[in-house]
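Each remark here refers to the structure printed beneath this line.
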2 protein chains.
Amino acid sequence: MTRIDDVARLAGVSTATVSRALRGLPTVSAATRRRVLAAAEQLQYAVSPSASRLAGGRTGTVAVVVPRITRWFFGTVVEAVEEFLQDSGYDLLLYNLGGREQTRQRVLHTASLHKRVDAIILVATPLRAADVHALTKLELPGVTISSGTKVPGWPCVRIDDVAAARTATRHLLDLGHTRIAHISGDPDDELAFTTHLDRRRGYQEALRAAGIGPDPSLDVESRFTIDGGTQATAELLARGEPPTAIVAACDEMAMGAITALRDAGLRVPQDVSVIGIDDHDLAGVLGLSTIAQPAAEQGLLAARILLDPLGVRAAAPHPGAVPAPRGADTDDRTPTPVILPTRLVVRESTAPPRAH
Amino acid sequence: MTRIDDVARLAGVSTATVSRALRGLPTVSAATRRRVLAAAEQLQYAVSPSASRLAGGRTGTVAVVVPRITRWFFGTVVEAVEEFLQDSGYDLLLYNLGGREQTRQRVLHTASLHKRVDAIILVATPLRAADVHALTKLELPGVTISSGTKVPGWPCVRIDDVAAARTATRHLLDLGHTRIAHISGDPDDELAFTTHLDRRRGYQEALRAAGIGPDPSLDVESRFTIDGGTQATAELLARGEPPTAIVAACDEMAMGAITALRDAGLRVPQDVSVIGIDDHDLAGVLGLSTIAQPAAEQGLLAARILLDPLGVRAAAPHPGAVPAPRGADTDDRTPTPVILPTRLVVRESTAPPRAH
DNA sequence: CTGAAAGCGCTTACAG
DNA sequence: CTGAAAGCGCTTACAG
């Protein structure tokens, strides 16, 4: 492969000048830059990332950590992040924790990330105190997405989960429901993942505001997945008289609920209304009413916050020219979370209760 | 950060020995290795990937290229690949092409990949002749997944798309359908993506084997997505008497078809049966009959083929110890594709036609 | 089994 | 605006 010396020789300049010209540094004359670019083009030169990183101390790489890339929210976030990083000349190193403790340890507790990436985007990854400590020690800039994940000093992009659940519940109240159940993620989870706790709070707040005391027998915990929704709903139905409506903590649980209701011979929404939170790709196909949250926007914004602390998005004149990421020491205080708006989307899964 | 010299000093050996011990090379005495590991542990040493890559010539990184990580098949494949790579000590660089031509160019036509990764996994990425040429010139080992993507010398993992569509169609024929429509991806796509062509062939073969000539007015092309399925079905219905059954080229198109049928006041399966291909996560929720294909297995197998050419899966005794990937020059001929089995899954979206 | 030394291919002060 | 030289932190023959 051609190296920087080859380009330097062909262009008749030093390797230092080639390096500067290719990275778009201002201290190169236009004529020289032209010659260097032409030579690089002619030789099909591409800088060696390893050498560049070792010499320059920056990796041009961002780690993106998600629980499960196959879930709607995380896939959508990663897609948006990837596009922004790609356009900014950054590489994206993907870590899909997938519930594997060993992977968690390797990603969060090894110095390996420190020398591997310039910055981290942590999506809805529950953190123990020790995890937070380890991440802080990395002294890398980072951004978290979702309320469940907080690292001191890192900006956070998220929605207002309490409000989202409140709106979902109020929609059912407005339709005339009073026996409203709630199915949600498992708080026995040893990890401090708070998203479903916030959503439960919103559900309860809306009920109380309507003068209805939350009924514990209508609040079932299960996993935050389709199967979790199915199981929670089955459990709910086993407890006796079914509710007339269900608030699911996410669309995937809502889909599971729909399945369980259908299997039990109950019609949605005639017998039971169901509302989720997310606006999953398939919510429309299922006719699912939901609270839409902007997943791609959260990813995009997180990436932007990470790379453009000054609002300046550097153009990448050549592969290898990369803007510096937000410095870890820019600000020691944890920034105020950026909260994106949610929106009620009414489809066919919610209707007035029959007695109404 | 601690460097290799720090470890060497603490362990009382040379940096060369530290390097060997940490990577698990056999030419180190047990006692020395113990001391080195203890020193590394004590200093929380992690090797610098940049330095290691520059000196060693290997990156310990695999590029995974997918069209859209948010689609079921690609997300599932990436998740499986990520787990295997992670366990093997490899980093995963994600490229989500997302229909962006600029990204295609950068990924496929820059030498940048060459110096950035040791190997490539290309998932269902349509390739022009120039793309194939560029990839071949990289002289990197690679594996493709899905029939639409072929690179000379690279193994391919896929299903038999013709057979899958044939089985789907035969299922409908067995139920007594004869007016069977087909909705599929767009062949006007300038890229040589053949998956939907193969599936159309299977559809036609099954009809012909049943003595039915394929009716072009029952074969509609659209995009390979939910919306594509909706549009194709709407178009189909606009053409006149509806079919009694639809074979969709993938589950996402089938879901779109179900939406369109519902919107047109037609019931599934009473008025129209629908079958897909994939066994998407949500196929069960929708009661969609389909031909299941093993997505995670294809990803896992591709990763394994790439990293374990000799069936030897090297353990990674320390982060940084990484088995050598399959050499590009191991075999100049293109290996026989590995074809994984598919399976008919009958749910509620298919039934005998009403007249039957 | 171990070490001294060269070298991987860049970037970055420093000097001009 | 440009160049000579040092240095980034490892791995790899080579020698013993």
Side-chain angles (χ1 to χ4, degrees), chain A residues 1-9 11-37 39-40 43-61 111-112 114-116 118 318-324, chain B residues 1-9 11-37 39-40 43-61 111-112 114-116 118 318-324:
Chain A
M1 291 304 290
T2 60
R3 294 166 317 170
I4 198 171
D5 333 20
D6 301 321
V7 179
R9 208 170 307 118
V13 296
S14 71
T15 59
T17 297
V18 173
S19 174
R20 294 184 190 111
L22 257 28
R23 282 177 301 145
L25 298 190
T27 62
V28 179
S29 76
T32 304
R33 187 187 311 276
R34 255 195 309 278
R35 260 186 305 142
V36 170
L37 288 174
L43 297 174
Q44 297 239 54
Y45 171 72
V47 31
S48 156
S50 313
S52 167
R53 289 166 189 183
L54 178 58
R58 281 189 293 123
T59 65
T61 305
S112 85
H114 180 54
K115 299 178 171 175
R116 210 169 289 269
D118 296 334
H318 188 84
V322 145
Chain B
M1 292 300 292
T2 59
R3 294 166 316 168
I4 198 171
D5 334 22
D6 302 320
V7 180
R9 207 170 309 117
V13 296
S14 72
T15 61
T17 297
V18 173
S19 174
R20 295 184 189 111
L22 256 29
R23 281 178 299 145
L25 297 190
T27 63
V28 179
S29 76
T32 304
R33 185 186 312 276
R34 255 195 309 278
R35 260 186 305 141
V36 170
L37 288 176
L43 297 174
Q44 297 239 55
Y45 172 72
V47 30
S48 156
S50 313
S52 167
R53 288 166 188 183
L54 179 59
R58 280 189 294 122
T59 66
T61 306
S112 84
H114 180 53
K115 298 177 171 174
R116 211 168 288 268
D118 296 334
H318 189 83
V322 145

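Quick note on labels: first sequence line is chain A, next is B, and so on, each numbered from 1. Atom set for the values below is all heavy atoms of this structure, side chains included, hydrogens, waters and symmetry mates excluded.
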(message) Measure CG/A/Leu22 against C1'/C/dT12 and give the value in whole Å, please.
(response) 16 Å

(message) If I take atom CG in residue A/Asp5 and atom C1' in nucleotide C/dC10, what distance separates them, rounded to the nearest angstrom?
(response) 9 Å

(request) Specify the separation, in whole Å, of atom CZ of B/Arg23 and atom P of D/dC10. (result) 12 Å

(request) Measure from the side-chain heavy atoms of A/Ala51 and tell me the nearest of D/dC10, C/dC10, C/dG3. (result) C/dC10

(message) Using the side-chain heavy atoms of A/Ser29, tell me which of these nucleotides is nearest: D/dG9, D/dC1, D/dA4.
(response) D/dC1

(message) Using the side-chain heavy atoms of B/Thr32, tell me which of these nucleotides is nearest: C/dC1, D/dT11, C/dG9.
(response) C/dC1

(message) What is the separation between atom CZ on A/Arg58 and atom C1' on D/dG7, rounded to the nearest whole Å?
(response) 17 Å

(request) Answer with base, sugar-phosphate or nothing: what part of the nucleic acid does A/Arg53 contact at a heavy-atom distance below 4.0 Å? (result) nothing

(request) Side chain of B/Ser19 only, please: which of D/dC1, D/dC10, D/dT11 is the nearest? (result) D/dT11

(message) Mind checking if B/Pro49 touches a base, just sugar-phosphate, or nothing, with heavy atoms under 4.0 Å?
(response) nothing

(message) I need the A/Ser29 OG to A/Arg35 CZ distance, nearest 0.5 Å.
(response) 7.0 Å

(message) Nearest 0.5 Å, please: how far is OG1 in B/Thr32 from CZ in B/Arg20?
(response) 11.0 Å

(request) Measure the spacing between CZ of A/Arg23 and OG of A/Ser52 and express it to the nearest 0.5 Å. (result) 7.0 Å

(message) For a quick test of reading the model: is some side-chain N or O of B/Thr17 closer than 4.0 Å to OP1 or OP2 of C/dG3?
(response) yes

(message) If I take atom CG in residue B/Leu25 and atom C1' in nucleotide C/dT2, what distance separates them, rounded to the nearest angstrom?
(response) 13 Å

(message) Please confirm whether the shortest side-chain N or O distance from B/Lys115 to OP1 or OP2 of C/dC10 is below 4.0 Å.
(response) yes

(request) Specify the separation, in whole Å, of atom CG of A/Leu54 and atom P of D/dC10. (result) 9 Å

(request) Answer yes or no: does a side-chain N or O of A/Ser48 lie under 4.0 Å from OP1 or OP2 of C/dC10? (result) no

(message) In this structure, how many angstroms lie between the P atom of D/dC8 and the CD1 atom of A/Ile4, rounded?
(response) 18 Å

(request) Decide yes or no on side-chain contact (heavy atoms from CB on, under 4.5 Å) for A/Val47 and A/Ile4, but give the supporting numbers first. (result) CA-CA 7 Å; A/Val47 31; A/Ile4 198 171; over 6 Å; no

(request) With DNA chain C as reference, determine whether B/Thr27 or A/Arg20 sits nearer its 5' end, using the nearest nucleotide of each. (result) B/Thr27

(message) Check this one for me: any side-chain N or O of B/Tyr45 less than 4.0 Å away from OP1 or OP2 of D/dC10?
(response) yes

(request) Look through every strand shown and name the nucleotide pairing with C/dA13 as Watson-Crick or G-U wobble, where both distances are under 3.5 Å. (result) none

(request) Please tell me which of the listed nucleotides, D/dG3, D/dC10, C/dG3, lies nearest to the side chain of B/Ala55? (result) D/dC10

(request) Would you check if there is a donor-acceptor pair between the side chains of A/Asp118 and A/Thr59 at a distance under 3.5 Å? (result) yes

(request) Name the pairing partner of D/dA4, where a pair is Watson-Crick or G-U wobble with both distances under 3.5 Å, or state none. (result) none

(message) If you only use heavy atoms from C-beta on, which nucleotide in C/dG3, C/dT11, C/dT2 is closest to the side chain of B/Ser14?
(response) C/dG3

(request) Return the value, rounded to whole Å, for the distance between atom CZ of B/Arg9 and atom P of C/dT2. (result) 19 Å

(message) Could you measure the distance from the CZ atom of B/Arg116 to the OG1 atom of A/Thr61? Nearest 0.5 Å is fine.
(response) 7.5 Å

